[in-house]
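Side chains included, hydrogens not; waters and symmetry mates left out as well; all remaining heavy atoms used.
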Amino acid sequence: MKVVKLEDILGTEYDVDGGNWVSRRLIMKKDGMGYSVNDTIIKAGTETHIWYKNHLESVYCIEGEGEVVTLSDNKVWPITKDTLYALDENDEHLLRAKTDMRMVCVFNPPLSGKEVHDENGVYPVDED
């Protein structure tokens with residue numbers, strides 16, 4: 001059994017500031033679950049280019065308002081509280097936050113915990 005409290009993650013190496021976002025890594029690859037779980041704040045007024053070429057991600061918005069734009073078709077997807085979106089095709093996208101957005105993000109394969117986006121919005125594959 002594993003129990004993780006957000007308060008125990010804050011201020012540690014697993015509280016990662018990516019500029020437009022802050023991601024608190026709750027479950028990671030080392031935990032052996034086959035996925036990872038992050039509690040992420042997307043900062044109001046930001047636009048983040050993201051392209052998870054190496055990961056699938058499901059995102060559940062628990063606070064805030066924004067939108068996702070899929071770059072393959074320029075479709076705009078409004079995101080509000082109690083909305084989940086799944087990047088099931090490694091979708092390259094823009095994430096725009098109108099207000100601070102609090103998201104629960106699940107990744108497969110799991111993240112090691114310290115990743116930040118590269119210049120293309122990609123998380124690298126953790127080979128360990």
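Annotation for Leu56: hydrophobic cluster partners, listed by chain and number, are none (ILVMFWY side-chain heavy atoms under 4.5 Å, direct or chained). Grouping Ile, Leu, Val, Met, Phe, Trp and Tyr residues whose side-chain heavy atoms lie under 4.5 Å apart, directly or via other members, leaves Val22 alone, with no other cluster members. Cluster partners of Met1, using a side-chain heavy-atom cutoff of under 4.5 Å among ILVMFWY residues and allowing indirect links, are Val3.
With sequence neighbours excluded, the residues satisfying salt bridge (charged side-chain N to carboxylate O under 4.0 Å, His left out) with Asp31 are Lys2. Partners of Thr46 under the side-chain hydrogen bond (donor to acceptor under 3.5 Å, both in side chains) rule, at least two apart in sequence or in another chain, do not exist in this structure. Residues that satisfy the salt bridge (charged side-chain N to carboxylate O under 4.0 Å, His left out) test with Glu47, not counting sequence neighbours, are Arg96.
Atom CG in Leu26 sits 6.5 Å away from atom CG in Leu6 (nearest 0.5 Å). His49 contributes atom NE2, which lies 5.5 Å from atom CG of Leu71 (distance to the nearest 0.5 angstrom). Taken to the nearest 0.5 Å, the SG atom of Cys105 stands 6.5 Å off from the OH atom of Tyr85. In this structure, the separation between OG1 on Thr99 and NZ on Lys81 is 12.0 Å, given to the nearest 0.5 Å.
With Phe107 as reference, Asn38 is the one residue of Asn38, Asn54, Val59 to meet the side-chain contact (heavy atoms from CB on, under 4.5 Å) rule. Across Asp39, Thr12, Asp8, a single residue satisfies side chain to side chain donor-acceptor pair (under 3.5 Å) together with Arg24, and that is Asp39. Applying the side-chain contact (heavy atoms from CB on, under 4.5 Å) test between Trp21 and each of Val16, Ile50, Leu95 identifies Val16 as the sole match. Each of Met103, Lys98, Glu65 was checked for a side-chain contact (heavy atoms from CB on, under 4.5 Å) with Ile79, and the lone residue meeting it is Met103.
Judged by distance alone, the side chain of Lys29 and the main-chain N or O of Ser36 form no donor-acceptor pair under 3.5 Å. Side-chain atoms of Asp91 never come within 3.5 Å of backbone atoms of His93 as a donor-acceptor pair (strictly under, hydrogens ignored). Between the Asn90 side chain and the Tyr52 main chain, a donor and an acceptor come within less than 3.5 Å of each other.
Between Tyr14 and Ser112, the closest heavy-atom pair is CE2-O, 4.2 Å. Scanning all heavy atoms of the two residues, the minimum distance from Val76 to Pro78 falls at O-CD, 3.6 Å. Between Ala97 and Ile42 the shortest heavy-atom distance is CB-CG2, 3.6 Å. Taking each heavy atom of Ser58 and Ala86 in turn, the nearest pair found is OG-CB, 3.9 Å. Across all non-hydrogen atoms, the minimal contact from Gly19 to Asp17 is N-OD1, 2.8 Å.
In terms of hydrophobic clustering, with Ile, Leu, Val, Met, Phe, Trp and Tyr side chains grouped at heavy-atom distances under 4.5 Å, Ile62 and Ile41 are assigned to different clusters.
Between the side chains of Tyr60 and Asp82, at least one donor N or O sits under 3.5 Å from an acceptor N or O.
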